[in-house]
Every structure is written in structure tokens, then in C-alpha cells.
Amino acid sequence: MAVFTRPDGKIFEAESTTVRQMLESCHLKKAIGATVNGKAVDCDMVFTEDTVFEPLYADSEEGLEILRHSTAHLLAHAVQRLYPEARFGIGPAIKDGFYYDIRFPHPISEDDLPKIEAQMRKLSQEKYPIVRKEISKEDALRRFSAQGEDLKVDIIENIEDETLSIYTQCDFTDFCRGPHVLHTGCCKFFKLLSLAGAYWHGDEHNEMLTRIYGTAFGSEDELKEYLRRLEEAKARDHRKLGKELDLFSIHGEGPGFPFFHPKGMAVMNTLQAFWRKEHTKRGYVEIKTPMILDRALWLQSGHWDHYKENMYFTEIDEAPFAIKPMNCPGGILVYKNDIHSYRELPIRMAELGFVHRHERSGALHGLMRVRAFTQDDAHIYCMPEQIKDEIKAIMELDRYFYQDVFNFKYFVELSTRPENSMGDPELWDLAEQCLREALEETGTEYKLNPGDGAFYGPKIDFHLEDCLGRTWQCGTIQLDFQMPEKFDMTYIGKDGAEHRPVMLHRTVLGSLERFMGILIENYAGAFPFWLAPVQARLLPVGADYVEYANKAAEKLKEVGMRVEIDARDEKLGKKIRDAQIHKVPYMLVIGAKEAENGTLSVRERSKGDLGSMTFEEFIAQTKTEFNPL
């Protein structure tokens, strides 16, 4: 006889029971599953021992993941009904939703998604129980092979377990680890979003399947809010705004290599000027290292063994070279060019280094995922006793950039030793301890991300949250005992002997191109005054006032303002609307009164008409704008 503890604390006895039976006995109709002794389990799993169970709802992180995974199965079930010749790959839950990779008998388009969605709703309304069954690997191979599911067979053949689980809902069976919801009726609030091509196993040499993306939530309100944010994100898409605001472009002649236009360069140069100012203030020196370096250097650094598939290569004088994917080996050569004393440490070397990394064409995405970008790197060489103070100083620099300047919320992750790590495990343990202590001593909340460190050291990652609640990984701090060993780096200590420095790798903005894309979307193209590519646009109401507008522009340029003149033969209303569309912070209207009095009629893009001002008054007005430069 087993004892079962219900959520209300009541206890009952039974020979055996399942989650499905327990939920039914407690009349928990909104529950989609349960955890037993703290772990999510399948609804048909039989328990014969003393058990504590808690209902699982879709408003929990674990419950939502299970709901989305089950909705992916619902999608596949609907596709099977509509396209009996379709064959199925994988259908996992992902952040914000799910997808399923499918081989269709003929191409489908996004116009087909409403039809699939309608079929999913029919299946949901039937509330088919989702039943788990364990079978042998041999039976699974036989079953899915007989059904012509060669993609499933491929997955099963590569699994070492001899006992597998399958899930059946009415006439549809899928191979899966689970767990899943009670029945298809739990999957009520969903939306299919888009189609994409996806190589089988992510290998571009394999066939391309159709990937259907969707999302699911536990309530209609949550789904509606998510879809509203998606529409807002489309309006803020940096690729769309980049074109409209004439900031950058992408061309077929250089896939993954963005072209920056004059206005885009104004933003990029302003970001870099701010970056340089803050680093100089904090004791960094700037260096520049070559873009192409001998293969021997990358062999020594470990990149050749651990990162080669992401690199580009060339030959010079019949010798092999690599285009740098990272700046650190070049920075190490600068350090090793001189003999250093403990009195110099820490040495903080910063570099806005242009790097190249190979990305698959399907992964490229505007400025967010490119093949060449500017990394705001710095490498700090210090003594072991200086590590924590340097980490804390970097964390404070990050806080200033993210919070004080750009007003982002952010959270922190600590990533530990990966499987492909190099070097002494004891040094890894020491490095992880140093990072953990720095986080804890500064009272920084963090999430542990096991096994996701760089191959040469553990790291702290900074994830920014934008105005739509999306997160972006930007800054990182990597603690490295390995490179100093591999490159035999030394400094002369107080005792006159050679000692090994510790190396800190860090970025703040990460990829400047990607950070610019994040800013475009966060601000919806309406950059703050200090960062705007055009800070003021002069709008003469007719040709008679263009000359005065030119003189006014020169005065404003003398104080460092970025201005332009709209001298087109257009009505003033259209000129104002165009300036608003281009997100210009200030519009300066010039007519007879302004030309006669030597003034400007000032409009601010969000506040509207600010009235007539002298040049001095307008410049004073712009000084009230936040400006970290």
C-alpha cells in the first residue's frame, strides 16, 4: 500500500495510481500535469511508493515548456492529417515557443499556416489523451521504418538507450522523451508564426526541411500580449529601420558583411568616441593588431583546434594564414613585446578590433548575426591578487554603460568549464571560484550556466533586456589562466623572479554592429540626441531662406552639432512630417521672421513646437539633453 500526499495536504492510500488519476481525484481541471517528488513526470506513469505530488500549471516555467512541447506534437498531428505523405524530424520547445522540422510532399507557404492552425484547433477540441508507452529500440526502429518515417529512424539509430518512449494521441504517434500534458485540450492558446528552411541536423550538406515556428501560452491574454509585442517588434525591425533611416545596407556581393552609410557611420563613430572616452578615464590604453596572422599563432592559442570551423583562411607567400576571429592572440604579442614589472600591473589593453567569423547563410540576420564585426575587446594582465578588483571594476563599467547611459535592465550568468576545455582542471576550478566570489562580494544576482564557458576559461555574461522584454547577450568577462601558459607570458615580481600573469578577456558592447542593431530596435530608430545621426534639420519655408539656413547650419556645426538642411521645394508640413519619419530630434523652421530677427523656430520630435529661440538659447536647450560625451 502506497501513501499519496495531495496539494491540499490530505493523504490517501492506494495500491498504485497515476498522475492522471491523482489530478482527476482532486478535480484540478486547469492542471496540465504534475511534479512527483519535485520532478515533472508523464501523466500515465504508475506510482506504487509513497509519493508527494504537486499539480503543474502553464503559468510556471516548467509547465509552459511542457505545454509548448505538446503543442509541437499537436502541430505534427495536424500536418499528418492534412499532408499524409509528410515526414517528421524534431519538434522541441524553444524560448518563446516551439518549432517542428518537416519534410512536405510539396512546398508550402505561410498562406498554408491558417489551414494547419484550424486543424490543430479541431484536434485540441477533441481532448485526445496523450498516452506514453515504453518500447524497445528495436521495436521503435521497426515501427517508424514501416511508417516510412526515415527521419525518426535516423534519430533512433543514433540513440544509445535500448528502451525508448513514444506518445500517442488518437491516430498520431511520435517518438519523444517527454513529458507531455494530459490531453490535446490543454493546448488551446497557440499561434503558428512563420516558416523557414532548416538543414537536417543543422548540417548544410544534408537536405533542407521546412521548419514551422509557433508559440503557445496558458491563457488567451498572454498569447494576445505576446502577439502584440511581435507586431511591435516588426515595426522596430532594425533591418527595416536601417533602410528607412539610411543607416546601413546588406548586399548580395557581401552576404553577412554590412555596408554602413554616412548616417550609420555617424552613430558608429559616436559610440566609439564614447567608448574611448570612458576607457581612457578608467586607465585603459588602446592598441590595434593585424587582421591576418600566421597559422602558427592560432595553433599556439588553441583556436586552430577549438575554433577552426568558424575561421577564414588565406595564403601569403605560399604560407598559411588565418583572418582573426578574436583579438586576444594579437594582444598577447603586444604584451610580450616588452619585459613587464609587477609595478606596471594591471595593464589594461583595449582594442576596437575588426574580426571575421564564419556563420551559415541561414543564420545571418541584419546586424544581429554577421560575418565581420567590430568587437570592443580589452585584455587585462594582472597578478592573481588583483583579479577580483579588476572583475569588480569591469562590472561597474558594464553597469554604467547598460544602466546609466542606455537605461537597459540586465541580468548576469556565470558559465563554467565546457567539454572542449583546454588546460589544467585545477586552474579552471580556481578561475571559477574567483568569478563566483567577485559576483557574491558585489551582491550581484546571477544564474549558473554549467558547461558554457569559453574553451580557455569560465566567464560572466551580461544579458540586456530591451523595451519589448527581449534579451541580448552583450558583455562578457572571461578569466583565463590558459593563454598565459601557452604563450609563456611573464612579469618580474617583487622578488626579481619571473611570474605568470593572469589574463582577463572582456567586452562591454560586444559586437558594435550588433549593439547598434539592438539600439535601433530599442529606440525604434529615435536615437537620443547625443547619438542621433542628424541632431537637427533646418527647414526653410522657401528658396528665399535657404541662404540663411546655410549660415545657421554653419553656426551649429561650429559647436559640434550634426545638422542638415531640407531645401526641397516642398510645403512646410511635408518637410516636418519627413523629419518626424526620419526621427530627427530637432526641426528648425526658418521663414521671414526668423531670417529678419536672426532666430530659429524650434520643434522637438516628441514635444512639438518650443517657440522662437536665438542660436544661444537653442544651443542651451540642447545642453539639457543627456550627453555622456
Side-chain angles (χ1 to χ4, degrees), residues 7 19-20 22-23 28-45 53-78 88-102 117 120 123-124 127-132 155 164-169 172 174-194 198 202 211-227 229-230 411 413 415 447-452 463 465 468-471 473:
V19 167
R20 194 182 302 277
M22 286 190 282
L23 292 176
L28 297 169
K29 294 182 179 180
K30 292 186 178 180
I32 62 170
T35 63
V36 172
N37 298 329
K39 182 180 178 182
V41 297
D42 280 297
C43 300
D44 292 309
M45 188 170 287
F53 96 95
E54 290 286 341
L56 194 60
Y57 297 99
D59 59 0
S60 68
E61 184 176 340
E62 191 173 27
L64 187 57
E65 182 178 356
I66 292 172
L67 176 71
R68 287 171 171 169
H69 190 183
S70 298
T71 310
H73 280 223
L74 187 69
L75 163 62
H77 191 176
F88 301 95
I90 59 172
I94 56 173
K95 186 180 184 297
D96 293 332
F98 60 88
Y99 69 77
Y100 217 116
D101 289 344
I102 303 169
E117 210 173 81
M120 291 172 68
L123 297 171
S124 173
K127 297 185 178 180
Y128 294 121
I130 301 175
V131 181
R132 180 181 190 269
I155 298 171
L164 309 177
S165 56
I166 59 173
Y167 290 82
T168 299
Q169 51 197 58
F172 175 74
D174 206 346
F175 157 68
C176 179
R177 293 183 186 277
H180 284 283
V181 298
L182 285 161
H183 52 73
T184 58
C186 296
C187 307
K188 291 192 290 186
F189 308 108
F190 56 81
K191 181 71 177 174
L192 299 184
L193 301 172
S194 62
R211 177 171 292 179
I212 301 180
Y213 284 100
T215 192
F217 288 89
S219 72
E220 187 174 8
D221 287 344
E222 288 174 303
L223 177 61
K224 284 182 176 178
E225 173 58 19
Y226 178 76
L227 295 178
R229 285 191 282 119
L230 274 188
F411 68 91
E413 282 186 345
S415 299
K447 178 182 176 182
L448 192 63
N449 190 10
D452 200 41
H463 298 261
E465 182 180 320
L468 295 180
R470 300 171 300 181
T471 56
Q473 195 269 309

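Scope of the values below: all heavy atoms of this structure, side chains included, with no hydrogens, waters or symmetry mates.
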Provide the closest heavy-atom pair for [X] versus [Y] in the form atom of the first, atom of the second, distance.
X: Ala72; Y: Tyr100; value: O-CD1, 3.3 Å
X: Gly63; Y: Ser60; value: N-OG, 2.9 Å
X: Cys176; Y: His69; value: SG-CE1, 3.1 Å
X: Glu222; Y: Gly218; value: OE1-N, 3.5 Å
X: Arg177; Y: Ser165; value: CA-OG, 3.7 Å
X: Leu192; Y: Glu117; value: N-OE2, 2.8 Å

Positive for side chain to side chain contact (heavy atoms under 4.5 Å, CB included) with Phe88, one of Ile102, Leu75, Ile155: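 Only one of Ile102, Leu75, Ile155 forms a side chain to side chain contact (heavy atoms under 4.5 Å, CB included) with Phe88, namely Ile102.
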Going from [atom1] on [X] to [atom2] on [Y], what distance comes out if it is rounded to the nearest 0.5 angstrom?
X: Ile212; Y: Ser194; atom1: CD1; atom2: OG; value: 9.5 Å
X: Cys187; Y: Arg68; atom1: SG; atom2: CZ; value: 12.0 Å
X: Ile130; Y: Leu74; atom1: CD1; atom2: CG; value: 8.0 Å
X: Tyr128; Y: Phe172; atom1: OH; atom2: CZ; value: 13.5 Å
X: Tyr57; Y: Glu62; atom1: OH; atom2: CD; value: 14.5 Å

Donor-acceptor check, side chain of [X] to backbone of [Y], threshold 3.5 angstrom: yes or no?
X: Thr184; Y: Leu123; result: yes
X: Thr168; Y: Val131; result: no
X: Ser124; Y: Met120; result: no
X: Thr71; Y: Ala216; result: no
X: Thr215; Y: Lys191; result: no

Donor on one side chain, acceptor on other, Gln169 and His77, under 3.5 Å: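 Side chains of Gln169 and His77: pair found under 3.5 Å.
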Any non-hydrogen side-chain atom of [X] less than 4.5 Å from a side-chain atom of [Y]?
X: Tyr213; Y: Ile94; answer: yes
X: Phe217; Y: Leu67; answer: no
X: Tyr99; Y: Pro92; answer: yes
X: Lys224; Y: Phe189; answer: no

Verdict with reasoning, Arg132 to Tyr167, per side chain to side chain contact (heavy atoms under 4.5 Å, CB included): CA-CA 5 Å; Arg132 180 181 190 269; Tyr167 290 82; 3.3 Å; yes
Glu65, CD atom: more than 12 neighbouring heavy atoms under 6.0 Å: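 At most 12 heavy atoms, drawn from other residues, nucleotides or ligands, come within 6.0 Å of this atom.
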